[in-house]
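Structure, as structure tokens:
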Amino acid sequence: LIDGSMRLHLLSTPIQDSDEDLMLRYRDGDVSAFEALYTRYKGVLYRYLLRQCGQVAIAEELFQDVWLHIVRTHKHYTVRAKFTTYLFHLAHNRLVDYYRQQAHRSQGSRDGAKSVPGTFILATPPAALEGHIDARRQVTQLLELLATLPAEQREVFLLHEEAGMSLEEIAAVTGVQRETAKSRLRYAVNHLRRGVRGEA
Amino acid sequence: MNEPQHDEQAFEAYLRGESTLSHLYRQTMASQPPAALDAAVLTAARQAVYLHPQRVWWRRWIVPVSVAAVVVLSLSMVTWWWEEISTGLTDARHPNPAQTHAPAAPQAPQDLQPAREPTPHTPMAPVMPTPPSETRAPHRQDSYRHSESDRRQRASGFAEEPVSTEQREEKKVGGQEESPLPPEEWLQQIATLRRQGQIAEAEASLAAFKRQYPSYPLEKWKGEER
């Protein structure tokens, strides 16, 4: 039995529309649905891109590209997968394009040093970050360690942490097998855990 | 416990959400896009809807409904036309005596009536059943002429004398049936012939005119001509 206060609570709690419903409403001309969807995912997507590319200006450009693509194509939207899968698949593709551009640009200026596109090497090596003292420093250290991860490992970690995706969903977004996604996530987690503990 | 086993256990704990790593990472989740970026995206989203508004549901049906209406109308007209033709054919094969023998025309003055010779009965006179393709066209043409004649009568303000079936037959046997000129035009032609000195032709034409339009008030025209 539901008592009066519980019933009142249930009635007063707004029923949250699913992402897919919001997107369908936006397709049918409801701008407020898009605003709700944007508010829901703007931070998640922005951090995913920022952590991936490591530069605020680039992250903002990619962020805008992804949302504008959704806006441009909203009239053709149909529910084929979860909206988060769709959103991060777009972001993943945009990042891949960006990595390719970066690789192409740095081809001529590279002097023998081999680097993986999308991997941003910190000026300060992780070893120098040992001996963290407080939580703030740990957070900073984690972000720096994250930046040292290969792009593929960093991506699966971010999709898991930011978008709350399962391994299956991560595999769908990144276009790999579930076991590959799991393996990448395992490497990322172990690397970060050791780095934060000062074992790296 | 060796390191690989420890890593595996730590990873399993991480997947279950029991890792301090996730807790630590959540403290970094404060970064948000700048307000200007929010405004740019939301403005684009609004423009995409308002500049290209969704079509109202009934507008989607305009084209199909129009096409359906045109098809239905066309079919109705064709059906109606076909029924008219079929009725005409039936009438031609089984003529109704009440229709074929038109009411007697008011008798014109004797001097205006042409001397009519009894025409020999030709073998074509009896109405023979003919294939529909051959009989449709004359019927259509005939009905068109009737309507033209009605229109002219309305325009000139007097009634053309009904022509009996015999007269029609006579015309058909004697030569091809000509559509008569409107009275005013015809009279003008007669006047022109007279002015040109072609009196015989003018008289012949006038006689034909009187046969065609026996009740036309010629006095008025003669007054105007003088």
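Computed from a predicted model, the values in this text were never measured in an experiment. To find a chain, count down the sequence lines: A is the first, B the second, and so on, and within it residues start at 1.
- Aromatic ring orientation, B:Y14 versus A:F157: parallel (interplanar angle below 30°, classes split at 30° and 60°).
- Within 6.0 Å of the CZ atom in A:R80, the count of heavy atoms belonging to other residues, nucleotides or ligands does not exceed 12.
- Contact annotation for A:L158: only side-chain heavy atoms (C-beta onward) come within less than 4.5 Å of a heavy atom of chain B.
- Put simply, the side chain of A:R186 reaches to within 4.5 Å of the side chain of B:E8, judged on heavy atoms.
- Note on A:V44, A:L185, A:D30: by heavy-atom pairs under 4.5 Å with chain B, the leading option is A:L185.
- A pairwise comparison of heavy atoms in B:Q32 and A:G43 identifies OE1-CA, 3.5 Å as the closest pair.
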Working for side-chain contact (heavy atoms from CB on, under 4.5 Å), residues B:V49 and A:H74: CA-CA 9 Å; B:V49 170; A:H74 75 282; 4.0 Å; yes
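- Contacts with chain A were tallied for B:S19, B:A10, B:P34; B:P34 has the most, counting heavy-atom pairs under 4.5 Å.
- Counting non-hydrogen atoms of neighbouring residues, nucleotides and ligands closer than 6.0 angstrom, the CD atom of A:E168 exceeds 12 such neighbours.
- When side chains are defined from C-beta on, A:L146 counts as touching B:Y25, because their heavy atoms get closer than 4.5 Å.
- The nearest pair of heavy atoms linking A:F63 to B:P33 is CZ-CG, 3.8 Å.
- Using a 4.5 Å cut-off between heavy atoms, A:R47 touches chain B through its side chain atoms alone.
- Contact of A:L45 with chain B is not made at all, since no heavy-atom distance falls under 4.5 Å.
- The backbone N or O of B:A45 lies less than 3.5 Å from no partner atom in the side chain of A:Y38, so there is not a single donor-acceptor pair.
- Taking the side chain as every heavy atom from C-beta outward, B:S31 and A:R51 approach each other to under 4.5 Å.
- Under a cut-off of 6.0 angstrom, the local environment of OH in A:Y77 is crowded, with over 12 non-hydrogen atoms contributed by other residues, nucleotides or ligands.
- If you measure heavy-atom distances from A:V31 to chain B, the contacts under 4.5 Å come from the side chain alone.
- Sparse packing is recorded around CD of A:Q177, with 12 or fewer heavy atoms of other residues, nucleotides or ligands lying under 6.0 Å away.
- The greatest number of non-hydrogen atom pairs below 4.5 Å with chain B, out of A:T39, A:L192, A:L68, is found for A:L192.
- Considering NZ of A:K182 and CG of B:L15, their distance stands at 6.5 Å, rounded to 0.5 Å.
- Here A:N190 is the residue among A:V71, A:L50, A:N190 with the most heavy-atom pairs under 4.5 Å with chain B.
- With a 4.5 Å cut-off on side-chain heavy atoms, A:E162 and B:R26 do not count as touching.
- Looking only at side-chain heavy atoms (C-beta outward), A:K42 and B:L37 stay at 4.5 Å or farther from each other.
- Contact of the A:F34 side chain with the B:V41 side chain is registered, since non-hydrogen atoms from C-beta on lie closer than 4.5 Å.
- Atom-to-atom distance recorded for B:D38:CG and A:Q64:CD is 10.5 Å, nearest 0.5 angstrom.
- Summarising the geometry, atom CZ belonging to A:R194 is positioned 12.5 Å from atom CG belonging to B:L21; distances are rounded to the nearest 0.5 Å.
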Worked check of side-chain contact (heavy atoms from CB on, under 4.5 Å) between B:R46 and A:E35: CA-CA 9 Å; B:R46 282 187 208 104; A:E35 288 169 355; 3.0 Å; yes
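- The candidate from B:S22, B:A40, B:G17, B:A44 with the greatest count of non-hydrogen atom pairs under 4.5 Å with chain A is B:S22.
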